[in-house]
Number of protein chains: 2
Amino acid sequence: MTRTLADPSLDAAADFASDAAGDGLAVSLVGTCEATFSGRAERRLPGGVRQLLWKPDDTLLVHGASGRDPDAWASGAAVAVAVERASGHASDDHLVVETDGGAADALRVQFSAVHAATAFDPASADATVSGTESDLKERVLADPDLVEPGFRPLATERETPAGRVDVYGRDADGNVAAVELKNVRAGPSAASQLERYVTALRRDLHADATVRGVLVAPGVTEKTRRLLAESGLTFSEVS
Amino acid sequence: MTRTLADPSLDAAADFASDAAGDGLAVSLVGTCEATFSGRAERRLPGGVRQLLWKPDDTLLVHGASGRDPDAWASGAAVAVAVERASGHASDDHLVVETDGGAADALRVQFSAVHAATAFDPASADATVSGTESDLKERVLADPDLVEPGFRPLATERETPAGRVDVYGRDADGNVAAVELKNVRAGPSAASQLERYVTALRRDLHADATVRGVLVAPGVTEKTRRLLAESGLTFSEVS
DNA sequence: TCGTAGATATCGCCT
DNA sequence: AGGCGATGTCTACGA
């Protein structure tokens with residue numbers, strides 16, 4: 001199923017990529033290229049050796065020497081491959097892989113040489129993941145005292161005009177409590193988010209209702225701790 | 001500089017990858033593999049054909065059929081490659097690429113077969129980008145009336161106890177104005193962010209100072225528009 | 001190193 | 001299709 005070409009001509013690489021994509025395969029091209037992106041921003045990559053990965057869902061990734069994120073990418077638009085002939089020597093020809101011209105996000109990758117081409121039938125992502133905020137919610141529902149002693153959950157993802165509260169319930173004194181969960185050390189945006197929910201709940205519920213806000217996270221930054229205090233919100237640490 | 005192997009044995013692929021990495025090259029392995037990640041979360045990829053990209057900075061990327069983001073990845077930890085012998089048939093051997101065992105984020109990619117291997121000397125990312133929030137700031141400084149008629153900037157990235165204000169200045173009436181820039185349609189978090197800055201400035205400045213907040217963006221969602229209105233903040237549209 | 005916020009964020013869920 | 005928020009976010013920039 002996997003096919004390979006070493007040091008193909010541009011024509012051979014173009015045919016190889018086109019055929020493989022037509023067969024629903026992913027295509028990897030390693031070679032000297034430059035790239036331009038035009039869409040929500042403009043980006044230009046100078047000439048250099050990179051790897052282009054063309055996935056069956058028409059995601060294009062251009063990877064260079066470092067980093068998890070591609071140096072350039074495009075997704076969602078149809079992709080075409082072609083050899084553009086130079087008027088002079090054939091050595092000035094280019095293999096061009098680019099998104100459909102009509103797309104809002106236009107990526108053009110132009111190879112002056114392709115050193116290796118590989119096509120393969122890739123596995124669909126079917127990963128099992130654990131350790132996310134969703135797991136933290138399960139833990140809190142199984143043991144509400146993690147939020148604070150006496151807390152009792154009444155609903156999850158409760159709607160408010162400001163968005164959904166992760167966990168909604170009442171504290172030991174019977175006050176309404178909105179709980180925001182973060183599974184990483186919390187920053188200022190988490191405090192603001194919780195404050196939005198609490199404010200919205202105070203507006204929605206009877207005026208005499210006391211509404212508390214509790215941020216549950218493995219930690220908070222100092223600035224965030226101060227913001228919580230100023231807003232009358234509570235931080236509750238979980239491992 | 002670029003090297004290629006087609007359908008190598010596991011031993012040959014391991015030597016190839018090890019040598020290439022030692023030479024500071026990037027290595028692409030396409031083959032049947034499964035992968036496990038253990039760190040901030042747990043993740044498991046079942047057996048299937050994928051591409052592993054091992055960059056010179058020891059970033060590992062495992063790409064499958066779809067999406068811009070890898071199905072699994074690791075970065076920052078030393079990477080080792082080895083062939084693990086099965087006690088039975090050699091056909092049960094595995095090529096294993098994994099991060100150093102001591103690393104907090106542990107990725108292990110285990111190939112039962114390698115179909116193609118490529119090594120190349122990748123270009124460093126040296127992209128020029130435009131069209132970001134930074135560009136919007138330049139535009140606003142060059143033409144402050146984009147914020148609102150009469151606005152005059154006094155500082156950028158001004159520090160407050162709640163964070164940095166993108167642009168700090170005074171409006172036509174001499175009131176202090178904090179400007180938050182977004183180069184995409186703004187959501188609730190942008191309104192909260194601006195509110196944090198305005199509240200902090202009111203606290204810091206003399207009690208009699210009027211502090212306004214202006215969100216400059218190509219658009220806002222309806223809920224965000226309401227949040228801004230409730231907080232007494234202004235929205236200013238820019239193209 | 002930590003904190004903070006942007007990103008061509010991407011991705012998934014829900015309306 | 002758009003809004004909304006999480007993400008193993010990643011990445012750059014300061015203090």
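Chain identifiers are assigned alphabetically (A, B, ...) following the order of the sequence lines, protein sequences preceding nucleic acid strands; residue numbering begins at 1 within each chain. This one's a predicted model, so the numbers in the text were calculated from it and none came from an experiment.
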Side chain to side chain donor-acceptor pair (under 3.5 Å) between A:Ser75 and B:Arg68, worked out
CA-CA 7 Å; A:Ser75 57; B:Arg68 173 200 181 262; over 6 Å; no

Within this structure, what is the CG-to-P distance between A:Asp135 and D:dG8, rounded to whole angstrom?
10 Å

Could you tell me if A:Gln51 and A:Ser28 have a donor-acceptor pair between their side chains, going purely by distance under 3.5 Å?
yes

Test side chain to side chain contact (heavy atoms under 4.5 Å, CB included), reference B:Trp73, set B:Asp105, B:Val62, B:Leu61, output is B:Leu61

For DNA chain D, whose closest nucleotide is more 5', that of B:Ala186 or that of B:Ser75?
B:Ala186

Between D:dC4 and A:Tyr197, is there an OP1 or OP2 to side-chain N/O distance shorter than 4.0 Å?
no

Taking OP1 and OP2 of D:dT9, is either one under 4.0 Å from a side-chain nitrogen or oxygen of B:Trp73?
no

Quick one: label A:Ala74 by what it contacts on the DNA or RNA (base, sugar-phosphate, nothing), any heavy atom closer than 4.0 Å.
nothing

Give one of base, sugar-phosphate or nothing for B:Gly67, where a contact means two heavy atoms less than 4.0 Å apart.
sugar-phosphate

Nearest to the side chain of A:Asp69, which nucleotide is it out of D:dC10, C:dT4, D:dA6?
D:dC10

Think B:Asn183 has a side-chain N or O under 4.0 angstrom from the OP1 or OP2 of C:dG6?
no

So, is A:Arg40 near the phosphate of C:dT10, with a side-chain N or O under 4.0 Å from OP1 or OP2?
yes

Is B:Gly163 touching bases, backbone alone, or none of the nucleic acid, heavy atoms closer than 4.0 Å?
sugar-phosphate

Sugar-phosphate, base or nothing in reach of A:Ala162, heavy atoms under 4.0 Å:
sugar-phosphate

Just N and O in the side chain of B:Arg185: are any of them under 4.0 Å from OP1 or OP2 of D:dA1?
no

Using whole Å, what does the distance between atom C1' of nucleotide D:dG3 and atom CD of A:Glu157 come to?
15 Å

Remember a base hit wins even if backbone is also touched, and classify B:Gln193 as base, sugar-phosphate or nothing at under 4.0 Å, heavy atoms.
sugar-phosphate

Does A:Gly39 or A:Glu159 map to a spot on DNA chain C nearer the 5' end, using the closest nucleotide for each?
A:Gly39

Counting only N and O atoms by type, is there a donor-acceptor contact under 3.5 Å from the side chain of A:Arg202 to the main-chain atoms of A:Val211?
yes

Check this one for me: any side-chain N or O of B:Lys223 less than 4.0 Å away from OP1 or OP2 of D:dG3?
no

Let me spell it out: for each of A:Val220 and A:Arg43, pick the nucleotide of DNA chain C with the closest heavy atom. Which residue's pick is nearer the 5' end?
A:Val220

Please report the distance separating the P of C:dT8 from the corresponding atom of D:dC4, rounded so that it comes out in whole Å.
22 Å

Just to be sure I understand the rule, does A:Thr132 reach a base, reach only the sugar-phosphate, or reach nothing, if contact means heavy atoms closer than 4.0 Å?
sugar-phosphate

Quantified in whole Å, what is the C1' atom distance between nucleotide D:dG8 and nucleotide C:dC14?
24 Å

Could you check whether A:Arg164 gets within reach of a base, just the sugar-phosphate, or nothing at all, counting any heavy atom under 4.0 Å?
sugar-phosphate

At under 4.0 Å between heavy atoms, what does A:Val184 touch on the DNA or RNA strands: base, sugar-phosphate, or nothing?
sugar-phosphate

What I want to find out is whether B:Glu180 reaches B:Arg196 closely enough, with some N-O distance under 4.0 Å, to be called a salt bridge.
no

Can you tell me which nucleotide in D:dG5, C:dG6, D:dT11 comes closest to the side chain of B:Glu133?
C:dG6

At less than 4.0 Å, is any side-chain N or O atom of A:Thr221 found next to OP1 or OP2 of C:dT4? Yes or no.
yes

Please state whether the rings of A:His63 and B:His63 are parallel, tilted or perpendicular, taking 30° and 60° as the class boundaries.
tilted

